[in-house]
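Because only heavy atoms are used, hydrogens play no part in the values below, and waters and symmetry mates are left out as well, while side chains stay in. Below, chains carry the letters A, B, ... as their sequence lines are ordered, and counting in each starts from 1.
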Amino acid sequence: MPGSSPNRVTASSETLTGYLAAVLATAVATAVGWVLYHGLHLPDASRHPFLANTNVLMLYLLAVLWIATRHPRGAAVLASILGVIAFDICFVPPYLKLGVEDEQYLMTFAVMLLTALVISTLTHRARTQVLAAQQAWERAEAEFLRNTLLSSVSHDLRTPIAGIVGATSTLIESGKRLSPGAHDEMLATIYAEAERMERLINNLLQMTRVESGGLLIRKEWQHVPEILGSALQHLTKRLADRPLTTRIDPEVPLVSVDSVAIEQVLVNLVDNAIEHTPPGSPIDISITSNASAVVIEVADRGTGLPLNAESRVFDKFFHAATPGSGHRIGLGLGLAICKGLIDAHGGTIRAANRPEGGAVFHIELPRKGPPPPSSNREA
Amino acid sequence: MPKPTILVIEDERPLRRFLRLTLESESYAVAEAATGELGLRQAVGAPPDLIILDLGLPDLDGLTITQRLREWTRIPIIIVSARGKEQEKVAALDAGADDYLTKPFGVKELLARVRVALRHAATKLDNGEPVFDLADLHVDLGRRDVTVAGRAVHLTPNEYRLLSVLVKNAGKVITHRQLLDQVWGPESGESVHYLRVYMNQLRQKLGDNPARPKYLFTEPGVGYRTASE
């Protein structure tokens, strides 16, 4: 199978690293044991050691344990065997030779090897179980997200479709008998619902791009107030009944970002404010800068974020329970997309409640170096 | 004056029908082509006054069609593109297409683009109007005179050139590349950020808030558009 060879390479290089680590750990244990047992000298049977050689055994067991927690089982087995051999050579007379003078050491070796193998087996088993639990958790989470996605998509697409089908069938069946006012209202419904579907599908596509890493960020030196201008242009109709204030620092520097992505972030944030605050409630947007970043704030005067939801609002499918309304407005992807896009710029986005009431979204886009110098600058 | 003819090159039948109904109700004559090749042949056989060109045709891409049309004609071209096709859109505009619409678009937007494109095609013949007025902004291209609400605005030569290119093309999108070429010259090699710095200065002098412009609108990733009506 052509696809399997990279995996095999990775697996075998992992095994190799494990064996190397086993050799290294054994060497370290030997070196430490050597200093504690022989001091900084060659072995000398006449000198009294700092500690009994059996205590050095513990160092080797420690090495085995360390290897077993990090590397495949084979490496731990190798560390166990190397440990016994190194112990025999360095700490059991005759020194620097394989073999023993006192045969009771054979017993020591056997117990040492057995203990090391048991440790490595137990550790390996614990590790496998943790990994399996982790994978099961991830699977369950993926399953949950998939189910949520399917139910959200089918619910949120069906609602506008129901509106469109209902209104068009009324127009076809009894269009001539409707009052002009009702007629126009039907048409307005169809238009609004179709636009809502369009927004949902765009969000869904964008989320897929953010998730799959298929997002193409094309950075250029941009003037963020310009981007806000075109975002607000797109929202003109939806902002018609909203008092909107923009506070722009005239000295905001250019910053290297993808204008289309940042426009989408701004549209989503303002959309979010429109959806979660009562009609006619004001929205304030400011663009300023500090030494390291251009700072955008989008603030509203609604009921604010639910308790402790400051970071959860950026989760996919998160819905703030809107008191009294009882119906959900979108898929809950808008803010997750904002986070994905801002992350892709190396920026930060946070949500907070304003002391005077309402929510505020705070974005920092990093200023990375000055824009490239321009020639023939005019006075 | 005969009705202006608009050639619609679009493979999706529902969209073609929508365009035909809308344009005919505004007393334009409409011709249709479902593929790029057919559209090119029709444009040669019976040259229209304006072409509406979809970017997602099955046989030819928008850039190729625009280039092949521009080999022999200045007929205005309005591009219709889906979202997420910014690159292809900008390439077609740089190759000489006049304007664009992003799907889904409303009738008002469509008709405004068509009117502006036809007007620009017509004024090219009589050298255009030397005076531009929009709300408080007054630009006299003959006398190189710019005022906002009667107050004179002092612009540097480059700022003035930038403004004059923008108002001469009022209502129509101009790409970054086109602005750089026309203001600084095709060999200047200036980059887009330089243009942004100048736009910011120009807007400040005209008292035009970039976040809520009255005169100069930003088309992200594409260029700028001066308001016209």
Side-chain angles (χ1 to χ4, degrees), chain A residues 191 194-195 197-199 201-202 205-206 209 214-216 218-234 236-237 239 244-248 250-264 266-267 285-287 296 370-379, chain B residues 82-87 89-90 102-109 154-162 173 176 180 183-185 187-205 207-225 227:
Chain A
Y191 191 39
E195 284 198 320
M197 266 173 74
E198 149 86 4
R199 282 204 300 278
I201 290 168
N202 275 336
L205 276 178
Q206 190 67 358
R209 272 188 220 124
L215 200 61
L216 218 66
R218 285 175 20 92
K219 287 193 190 175
E220 271 179 9
W221 290 99
Q222 300 281 358
H223 193 221
V224 177
E226 267 192 354
I227 304 178
L228 175 61
S230 66
L232 294 178
Q233 184 75 4
H234 281 297
T236 316
K237 221 188 309 166
L239 282 169
L244 175 82
T245 56
T246 52
R247 195 168 56 81
I248 313 292
E251 300 303 311
V252 170
L254 298 186
V255 63
S256 178
V257 294
D258 180 319
S259 59
V260 177
I262 299 302
E263 183 186 341
Q264 161 128 54
L266 292 169
V267 167
I285 305 174
S286 76
I287 303 176
I296 311 170
S374 300
S375 57
N376 65 43
R377 200 168 236 299
E378 282 180 311
Chain B
R83 242 186 242 211
K85 289 225 168 190
E86 269 70 22
Q87 292 303 95
K89 183 168 79 191
V90 174
T102 305
K103 284 190 237 178
F105 51 86
V107 176
K108 239 173 86 184
E109 230 183 323
H154 299 287
L155 300 177
T156 66
N158 277 350
E159 286 165 0
Y160 177 78
R161 262 201 298 280
L162 180 58
V173 72
H176 297 133
L180 287 168
V183 177
W184 285 276
E187 266 85 52
S188 71
E190 290 296 354
S191 58
V192 177
H193 86 269
Y194 193 54
L195 180 59
R196 294 213 166 86
V197 171
Y198 270 94
M199 275 306 285
N200 191 29
Q201 287 170 11
L202 181 59
R203 277 172 165 151
Q204 282 188 21
K205 288 191 180 177
D208 204 20
N209 178 354
R212 316 190 63 186
K214 284 180 295 195
Y215 315 124
L216 308 177
F217 290 84
T218 310
E219 301 269 342
V222 181
Y224 296 94
R225 183 195 301 277

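- When Ala211(B), Gly106(B), Pro104(B) are compared by the number of non-hydrogen pairs under 4.5 Å with chain A, Ala211(B) comes out ahead.
- Neither the backbone nor the side chain of Gln206(A) comes within contact range of chain B, judged by heavy atoms closer than 4.5 Å.
- Applying the salt bridge (charged side-chain N to carboxylate O under 4.0 Å, His left out) test to Glu263(A) and every residue at least two apart in sequence or in another chain returns nothing.
- Of the two parts of Glu226(A), the backbone and the side chain both hold a non-hydrogen atom closer than 4.5 Å to a non-hydrogen atom of chain B.
- Taking CD of Glu220(A) as the reference point, atom CZ of Arg196(B) lies at 5.0 Å (rounded to 0.5 Å).
- Contact count against chain B (heavy-atom pairs under 4.5 Å) is highest for Asn202(A) among Asn202(A), Val260(A), Asp258(A), Ile248(A).
- Interatomic distance, CG of Leu180(B) versus OH of Tyr194(B), reported as 10.0 Å (0.5 Å rounding).
- Both the backbone and the side chain of Leu244(A) have a heavy atom closer than 4.5 Å to some heavy atom of chain B.
- When side chains are defined from C-beta on, Leu195(B) counts as touching Trp184(B), because their heavy atoms get closer than 4.5 Å.
- Contacts classified as salt bridge (Lys or Arg N to Asp or Glu O under 4.0 Å) and involving residues 208-222 of chain B (residues at least two apart or in different chains) are given here: Glu219(B)-Arg225(B).
- Ranked by heavy-atom pairs under 4.5 Å with chain A, the first of Val192(B), Thr218(B), Asn209(B) is Thr218(B).
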